[in-house]
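Presented below is the structure to which this report refers.
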Amino acid sequence: MQVTTRDVMEEFNLKLVGGEEGIGRTIVTSDISRPGLEMAGYFTHYPANRVQLLGTTELSFFEMLPEHTKVERMRKLCSLATPAVIISRGIDVPQELIDAANEHQVPVLSTTMTTTRFSSRLTNYLESKLAPTTAVHGVLVDVYGIGILLTGKSGVGKSETALELVKKGHRLVADDCVEIRQEAENLLIGDPPPLLEHLLEIRGVGIIDIMTLFGASAVRRNKRISLVIDLEIWDENKMYDRLGLDEQKMKIIDTELTKLVIPVQPGRNISVIIEVAAMNYRLKRMGVNAAEEFSRRLDAMIADEEFEG
């Protein structure tokens, strides 16, 4: 996904001061530069492809420089690769910067926010927008605060299960297609495509609007994915995990998620099983693992019988 300087200007309601012709420049990294050394004349390792953020410290030093030096520094700052120069705290923009920006078509923007606060907000925004992304066929639901990605072959009952979970008070995030982005290490966020937001497809009924039918509390715009549950038709010849000791993993982008395989057949209440899986996942994160406790009890019983024998 591309982010342009215009996107940042509109997102944070920034004022355009100069370099209007370059407002469509693309921002390729979430890193932000505070060009203090550059103001002192050291451009050897100048990260020109980053957004340049100037605050009180940089500009107060800049005002101490001779006039000819000011012009030279600002011309070097406004390189062909620089997506934007942003002035914080509503400080007056130096004329030398405006002239250099207009000459090289580098947008100069201004904000009234403090430098630290704006830097933090802009970094978070860019990391979210520029995060690695992928799309997965499945359904994403929020069950007891756990983001569960339901996968499986078409027609296995993912959407019907999601509908039953919504009726039980849980929330739908996305149906059919889940757009996933990795915002940080081991942090996957799932969103619905804009076209499918709040919509659920039920074979025989058609497309329904979950928010209209069940209210705003029945949907979420996005959710962190913590657990993958793969639904598959029951195979009598396959051995399914009955204890829960062998934990499977599914890798999405660079993150490995816990994966459960739940067989589907008449008589099995899948929505209840998913609710229990969500609660059990939360217990495991709190250090309570029923499968391991059962294994310890079994080992202790076997050891006692061997001792008595």
Side-chain angles (χ1 to χ4, degrees), residues 1-133 181-185 187 254:
M1 183 174 181
Q2 287 190 344
V3 179
T4 65
T5 303
R6 184 186 301 277
D7 296 329
V8 172
M9 182 180 72
E10 294 174 352
E11 176 69 21
F12 296 98
N13 195 26
L14 304 180
K15 179 183 178 182
L16 180 63
V17 181
E20 183 177 359
E21 294 182 5
I23 198 66
R25 290 196 176 197
T26 301
I27 300 173
V28 297
T29 176
S30 61
D31 295 330
I32 297 172
S33 175
R34 296 283 302 275
L37 286 174
E38 287 76 10
M39 291 296 97
Y42 186 76
F43 281 86
T44 302
H45 300 288
Y46 173 46
N49 64 335
R50 302 180 184 177
V51 172
Q52 307 299 317
L53 180 59
L54 298 174
T56 304
T57 304
E58 293 82 10
L59 290 178
S60 60
F61 175 81
F62 177 78
E63 289 300 323
M64 299 168 57
L65 299 174
E67 288 300 322
H68 69 280
T69 305
K70 290 181 179 180
V71 174
E72 177 212 355
R73 299 285 157 82
M74 287 307 178
R75 283 180 174 173
K76 286 186 177 181
L77 191 71
C78 296
S79 73
L80 294 175
T82 305
V85 178
I86 301 177
I87 309 298
S88 63
R89 292 182 176 272
I91 302 173
D92 292 336
V93 181
Q95 187 60 45
E96 295 83 1
L97 175 56
I98 297 175
D99 294 340
N102 290 331
E103 180 182 350
H104 298 287
Q105 300 177 5
V106 176
V108 176
L109 307 169
S110 177
T111 177
T112 57
M113 278 187 278
T114 61
T115 312
T116 303
R117 183 184 178 195
F118 179 76
S119 177
S120 175
R121 291 187 59 186
L122 180 58
T123 300
N124 291 338
Y125 171 77
L126 292 177
E127 284 184 347
S128 175
K129 292 294 184 181
L130 298 175
T133 60
R181 63 183 187 276
Q182 182 166 316
E183 293 194 352
E185 185 178 0
L187 177 59
D254 292 327

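Owing to the predicted nature of the structure, the values given are computational and were not obtained by experimental measurement. The basis for the numbers below is simple: all heavy atoms, side chains too, and nothing from hydrogens, waters or symmetry mates.
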Do the side chains of E103 and R75 get close enough for a salt bridge, i.e. N-O under 4.0 angstrom? yes

So, taking the atom named [atom1] in [X] and the one named [atom2] in [Y], what distance separates them when rounded to the nearest 0.5 Å?
X    : Y    : atom1 : atom2 : answer
E58  : T115 : CD    : OG1   : 7.0 Å
E127 : T29  : CD    : OG1   : 9.0 Å
S120 : M113 : OG    : CE    : 10.0 Å
L130 : T123 : CG    : OG1   : 11.0 Å
E183 : K129 : CD    : NZ    : 10.0 Å
Q2   : I27  : CD    : CD1   : 11.0 Å

With a 4.5 Å cut-off on side-chain heavy atoms, are [Y] and [X] touching?
X    : Y    : answer
L97  : L54  : yes
T111 : F12  : no
L14  : M9   : yes
I86  : L122 : yes
L109 : K15  : no
V51  : V8   : no
V28  : P83  : no
L77  : P35  : yes

Under the criterion side-chain contact (heavy atoms from CB on, under 4.5 Å), I'd like the reasoning laid out for V85 against M74: C-alpha separation, chi angles, the key distance, then a yes or no. CA-CA 10 Å; V85 178; M74 287 307 178; over 6 Å; no

Work out which heavy atom in [X] is nearest to a heavy atom in [Y]; give both atom names and the distance.
X   : Y    : answer
P94 : F62  : CB-CE2, 3.7 Å
L53 : S119 : CD2-CB, 3.7 Å
S79 : V106 : O-CG2, 3.5 Å
G55 : S88  : CA-OG, 3.4 Å

Check the angle between the aromatic planes of H45 and Y42 and answer parallel, tilted or perpendicular using the 30° and 60° thresholds.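 Because their plane-to-plane angle lies in the 30° to 60° range, the rings of H45 and Y42 count as tilted.
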
Can you name the side chain to side chain donor-acceptor pair (under 3.5 Å) partners of R25, sequence neighbours left out? none

With salt bridge (Lys or Arg N to Asp or Glu O under 4.0 Å) as the criterion, how do K76 and E38 come out once you've worked through the C-alpha distance, each side chain's angles and the decisive distance to 0.1 Å? CA-CA 9 Å; K76 286 186 177 181; E38 287 76 10; over 6 Å; no

side-chain contact (heavy atoms from CB on, under 4.5 Å) for V17 and I87? Distances and angles first, verdict last. CA-CA 10 Å; V17 181; I87 309 298; over 6 Å; no

Does atom [atom1] of [X] have more than 12 heavy-atom neighbours from other groups under 6.0 Å away?
X    : atom1 : value
L187 : CG    : yes
E185 : CD    : no
Q95  : CD    : yes

Kindly say whether [Y] contributes a backbone atom to a donor-acceptor pair with the side chain of [X] at under 3.5 angstrom?
X   : Y   : value
Q52 : P47 : yes
R73 : M39 : yes
D7  : T4  : yes

Show the numbers, then the answer: is there a side-chain contact (heavy atoms from CB on, under 4.5 Å) between I32 and F118? CA-CA 11 Å; I32 297 172; F118 179 76; over 6 Å; no

Stepwise salt bridge (Lys or Arg N to Asp or Glu O under 4.0 Å) check, E67 with K70: CA-CA 5 Å; E67 288 300 322; K70 290 181 179 180; 3.6 Å; yes

